[in-house]
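Notes follow the structure.
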Number of protein chains: 2
Amino acid sequence: MKSKATSFDIAHLAGVSQSTVSRALRNSPLVNPETRERIKAIAKELNYKVDKNASNLRSQQSHTIALLLFEDPTSDESQINPFFLSMLGSITRACGDNGYDLLVSFQRLEENWHAEYEDTHKADGIILLGYGDYNDYQEKLHQLEQNQTRYVLWGALQQDQPGISIACDNFTGGYEITRHLIAKGRTKIAFIGSASEGSPEFFDRYKGSCEAQTDANLAVRKSLQIDAITTEQSGYAAALQLLAKQQPFDAIVCASDLIAVGVIKALRDKQINVPKDVAVVGYDNIPLSEFTRPALTTVQQDTKLAGKILVETLIAHIHGKPVTSRSLPATLIVRESCGAIL
Amino acid sequence: MKSKATSFDIAHLAGVSQSTVSRALRNSPLVNPETRERIKAIAKELNYKVDKNASNLRSQQSHTIALLLFEDPTSDESQINPFFLSMLGSITRACGDNGYDLLVSFQRLEENWHAEYEDTHKADGIILLGYGDYNDYQEKLHQLEQNQTRYVLWGALQQDQPGISIACDNFTGGYEITRHLIAKGRTKIAFIGSASEGSPEFFDRYKGSCEAQTDANLAVRKSLQIDAITTEQSGYAAALQLLAKQQPFDAIVCASDLIAVGVIKALRDKQINVPKDVAVVGYDNIPLSEFTRPALTTVQQDTKLAGKILVETLIAHIHGKPVTSRSLPATLIVRESCGAIL
DNA sequence: CTGAAAGCGCTTACAG
DNA sequence: CTGAAAGCGCTTACAG
């Protein structure tokens, strides 16, 4: 039991060749059923496990997917956005369900992450997940493309974007939640969250929000849009900035729940009642959105489905099947912060 | 650029042997600095990356750690305990900091997870993380031990336990939070969470809680202990059970925050005011504990430190250095649910 | 400091 | 259905 058993040991004990052992263990139809069972029994007894390094080296695939989580370098190191954590959970499960292993890595945008995993043969493909300035990683995406790395990106569906993307329908999400606000009588709607090409997901939510206002014959107030990255602190600071403008507003659409949490704190500190004076809504439906006071009205992204689709799309891609980008539905979750229940 | 470059291609271009390339790329002192730089330049230009499967196979180590997250089979599939998610984040970071990759896998207790990863040479060692019946996985721990698998377990520090464990000081955590409750005038203290050998972490918290009561000359009310696993639903059901006993109590120590969230919901549904009528405290300090109403008084486990220690201990173990089990400090976090701020 | 050679443990044509 | 042999791309004694 000192050193681990190899296929040769099994072959010896079974009185067959090593090739036959290899075949039997992979359930090849080329091997006699009886022989196969005998070999399997011996393998089990010796607690034999195929050496993945050897089989991967030989077969040139790893049955492993790498998940690269990249974060905005300006955000706090210690806390990971709960939305990503939730995605991580569902991706892990989906990998397991498909017989793939998952290699997880956090990346800073400055780092040289591109291609690392697949080039290194540690993974057959990559899932990219994260916020951050889209323009910054655009170039790296092209490098992945050039190296013929198989990858799937979570985020916005963009025109002329390289590769495959899976995204929530951010435009519709932003549209629906704003329409809901308008239906509840709000007319002066602010938006907190970066609204530019650099943050395509937030930008889509913003565009959806604007369109809902236009469709309701409300004037979009561009001056009520304040940039923020997806942290509580950033949301808090942005809300203060918004307040400092001294322009009237009765609702704030936040680009994420984390931002909304910070915004609500800032409003409370300034004695502004949510939702009475100002309605606040978020995006993501992270677990704690149910527990804020007031409980957050938000847009749910189905992380379970998203993880499944990301993994299955990537695996299909790895196997050379045709795959396309896909948009996933956004679901409005009505709670208290929008003033629905007063 | 079709097929990937190998060390032979580089050797050819640099006019040296493949061995020299291998040495140069690993910064061996055995190679002439000039030669090394030349080789490195070529490697970079070709976008060459060492094939990990080949190098792992040859060197018999993978520089990869496997994280096995096992969960109570009775708990809900879709939601992962946020405490574990937080640990997952810090473990991922710690692995990155130490130059290791992290393979993540969810396991059900029934599955044959033991040994899989190391035997398979996919990982150099394993971190085990999860709740579940301790007795159930005790046997598997012994199998790991027998296979000489390097692993570190997160959980309780037990007598006669095989292997290395890293744990929060659950006894002190339970003691301190109960002492705080008593200092605030509570005398009839219930406990929700399994308190038996099968759940050593919860049991330690319970024992700490009991000792605090004894030290304060309060009688421990064993009938006020109700089993629960760490989910909101289970906490909710357990609180109802407790109420049904019709015995007076003015505080509930919950074995985890998730349980406490369910307990608070149950009490509210029964028109019982928290913390006025009954104080409720949790354990873990998960992100949402700050957002419950009332905000949860709890015990923080430093997940960042825990992840770092887990990873560093495992790596030291892998390298054959002597390692020992360790207990990490528990910190009382006072918020509203204990009645501290009335 | 460098090179030729062996070998890590498999999978997979190839031949029968 | 089975076996002998090559080879995946490295690392590492061994010899110089």
Choose from [options] the nucleotide whose nearest atom is closest to any side-chain atom of [X].
X	options	answer
B:S19	C:dG3, C:dT11, C:dG9	C:dG3
A:Q18	C:dG9, D:dT2, D:dA5	D:dA5
A:A54	C:dT11, D:dA4, C:dG9	C:dG9

Judged by modelled atom types alone, do [X] and [Y] share a side-chain donor-acceptor pair under 3.5 Å?
X	Y	value
B:T303	B:S86	yes
A:R23	A:S19	no
A:S17	A:T20	yes

Between [X] and [N], does any side-chain N or O lie under 4.0 Å from OP1 or OP2?
X	N	result
A:S17	D:dG3	yes
B:R26	D:dC10	no
B:S22	D:dT11	yes
B:Q60	C:dG9	yes
B:T35	C:dT2	yes
A:S55	C:dG9	no
B:T20	C:dG3	yes

Using whole Å, report how far [atom1] of [X] lies from [atom2] of [N].
X	N	atom1	atom2	answer
A:F8	D:dG3	CZ	P	12 Å
B:H12	D:dC10	NE2	P	16 Å
B:L30	D:dA15	CG	P	16 Å
B:L25	D:dG9	CG	P	16 Å
A:K52	D:dC10	NZ	P	21 Å
A:N56	C:dT11	CG	P	9 Å
B:H121	C:dG9	NE2	P	7 Å
A:N32	D:dT2	CG	C1'	10 Å

Q. Do the side chain of A:D124 and the main chain of A:Q61 share a donor and acceptor less than 3.5 angstrom apart?
A.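 Side chain of A:D124 to backbone of A:Q61: no pair is present.
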**Q.** Polar side-chain atom of B:R36 near backbone of B:S28 as donor-acceptor pair, under 3.5 Å
**A.**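 The answer is yes, because a donor-acceptor pair under 3.5 Å joins these two groups.
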Q | Rounded distance in Å between the P positions of D:dC1 and D:dA5 | A |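 D:dC1 and D:dA5 have their P atoms separated by 24 Å.
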Q | Within 6.0 Å of NZ in A:K40, more than 12 heavy atoms from elsewhere | A |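 Count over threshold, so yes.
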(Q) Atom NE2 of residue position A:H12 - does it have more than 12 heavy atoms of other residues, nucleotides or ligands inside 6.0 Å? (A)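 12 or below, so no.
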Q | Position toward the 5' end of DNA chain C (nearest nucleotide), A:R23 or A:S7 | A |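 This one resolves to A:S7.
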Q | Cationic N near anionic O, under 4.0 Å, B:E34 to B:R38 | A |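 Salt bridge between B:E34 and B:R38, a charged N being under 4.0 Å from a carboxylate O: no.
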Q. Dot-bracket for DNA chain D: what is it, with Watson-Crick or G-U pairs under 3.5 Å, [ ] where a pair crosses earlier ones, and | for a pair to another strand?
A. |||.||||||||.|||
